[in-house]
Amino acid sequence: MEEPNVVQDRDHIFLTKAVGEAYKGVDCGDGGPFGAVVVQNGEAVASCHNMVLKNTDPTAHAEVTAIREACKKLNKVELSDCEIYASCEPCPMCFGAIHLSRIKRLVYGAKAEAAIAIGFDDFIADALRGTGFYQKAQLEIKRADGNEAVIAEQVFEKTKAKFQMY
């Protein structure tokens, strides 16, 4: 097990790098003030910022962009030997991507409230804390009835022999 000071120093270094990415992304007009760094064995594998505006892609958050880049560089979809440093508390989508990539550790800087304070959607903090999450979304959420639901569920059973997770 690593010494606490070593971990603290590493956390400081990579969180500072993630914050630097957040500034860089805003400065070049790529997107909002968010940065993320994926680290493997004490080395940055991917250091990215929010690319929502540049890519015209609402899913191009810093964490998702960093995970995508790290997966490509490492040629794998499972990052269980990696950590991620995020300048801000991840939104539900980013947290989902972190979870699905099996990253072993998340370190974030700002709380979601800091982003909310400058106009970002409070849906993020509500979802993370389990407070009112779906009520704030301006969309109807409904599970399909009858045969449509059965057909959708059958996709998993019918493709499991052809598709291996990891």
Side-chain angles (χ1 to χ4, degrees), residues 1-131 133 156 159-160 162-166:
M1 189 158 164
E2 288 181 281
E3 293 292 320
N5 287 347
V6 172
V7 172
Q8 192 173 9
D9 289 348
R10 186 179 70 230
D11 287 355
H12 176 75
I13 290 164
F14 291 117
L15 195 52
T16 300
K17 189 171 180 67
V19 170
E21 280 288 344
Y23 284 111
K24 182 176 159 187
V26 172
D27 289 346
C28 63
D30 288 347
F34 303 95
V37 180
V38 174
V39 174
Q40 181 188 53
N41 301 323
E43 298 287 325
V45 175
S47 183
C48 300
H49 52 262
N50 182 291
M51 300 287 286
V52 168
L53 298 177
K54 180 171 181 148
N55 294 356
T56 323
D57 177 359
T59 70
H61 290 194
E63 298 92 333
V64 171
T65 303
I67 289 167
R68 288 174 180 160
E69 190 173 305
C71 287
K72 282 181 187 166
K73 280 187 180 175
L74 298 172
N75 196 32
K76 59 184 185 173
V77 297
E78 187 265 331
L79 302 174
S80 63
D81 57 347
C82 295
E83 301 170 298
I84 191 164
Y85 293 83
S87 62
C88 187
E89 188 173 13
C91 75
M93 176 186 69
C94 292
F95 185 79
I98 291 164
H99 171 75
L100 291 172
S101 67
R102 305 292 187 248
I103 286 174
K104 66 180 176 182
R105 185 165 180 262
L106 159 68
V107 177
Y108 69 88
K111 291 183 70 69
E113 285 77 7
I116 293 163
I118 65 162
F120 283 90
D121 196 341
D122 62 353
F123 172 86
I124 292 167
D126 286 348
L128 287 167
R129 291 167 183 78
T131 53
F133 59 95
F156 300 102
T159 61
K160 72 179 181 185
K162 295 177 187 170
F163 180 77
Q164 296 298 312
M165 274 304 266
Y166 298 117

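All heavy atoms count here, side chains included; hydrogens, waters and symmetry mates do not.
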Thr56: which residues meet the side-chain contact (heavy atoms from CB on, under 4.5 Å) condition with it, sequence neighbours left out? none
Identify the two heavy atoms, one from Gly31 and one from Val26, that lie closest to each other, and give their separation to 0.1 Å. O-CG2, 3.6 Å
Could you tell me whether the side chain of Asn50 reaches within less than 4.5 Å of the side chain of His61, counting heavy atoms only? yes
Please report the closest heavy-atom contact between Val64 and Cys94, naming both atoms and the distance. CG2-SG, 4.0 Å
Taking the side chain as C-beta and beyond, is there a heavy-atom pair between Asp11 and Arg105 under 4.5 Å? yes
Can you list everything that forms a salt bridge (Lys or Arg N to Asp or Glu O under 4.0 Å) with Lys72? Sequence neighbours excluded, please. none
Check salt bridge (Lys or Arg N to Asp or Glu O under 4.0 Å) between Lys76 and all other residues, then give those that pass, not counting sequence neighbours. Asp81
For Thr59, side-chain contact (heavy atoms from CB on, under 4.5 Å) partners two or more places apart: Asp57, Arg68, Met93
Of the non-hydrogen atoms in Val37 and Ala44, which two are nearest, and what is the gap between them? CG1-CB, 3.9 Å
Can you name the residues that form a side-chain contact (heavy atoms from CB on, under 4.5 Å) with Cys88, not counting sequence neighbours? Phe34, Ala110, Ala115
Validation row: Gln40, Cys82 side chains within 4.5 angstrom (heavy atoms): yes
Who are the salt bridge (Lys or Arg N to Asp or Glu O under 4.0 Å) partners of Asp9, not counting sequence neighbours? none
For the student: nearest non-hydrogen atoms of Cys48 and Ala66, plus distance: SG-CA, 3.6 Å
Under a 4.5 Å cut-off applied to non-hydrogen side-chain atoms, are Ile84 and Glu63 in contact? yes
Hey, is the main chain of Ala46 close enough, under 3.5 Å, to the side chain of Lys73 for a donor-acceptor pair? no
Smallest heavy-atom separation, Pro90 atom then Ile98 atom, equals CG-CD1, 3.9 Å
With sequence neighbours excluded, give me every salt bridge (charged side-chain N to carboxylate O under 4.0 Å, His left out) pair touching residues 23-44. Glu21-Lys24
Taking all atoms of both residues into account, what is the closest heavy-atom pair of Tyr85 and Arg10, and its distance? OH-NE, 3.5 Å
For the CD atom of Glu78 and the CD1 atom of Ile103, what is their distance to the nearest 0.5 Å? 10.0 Å
Apply side-chain contact (heavy atoms from CB on, under 4.5 Å) to Val19 and list each qualifying residue two or more places apart in sequence or on a separate chain. Tyr23, Ser87
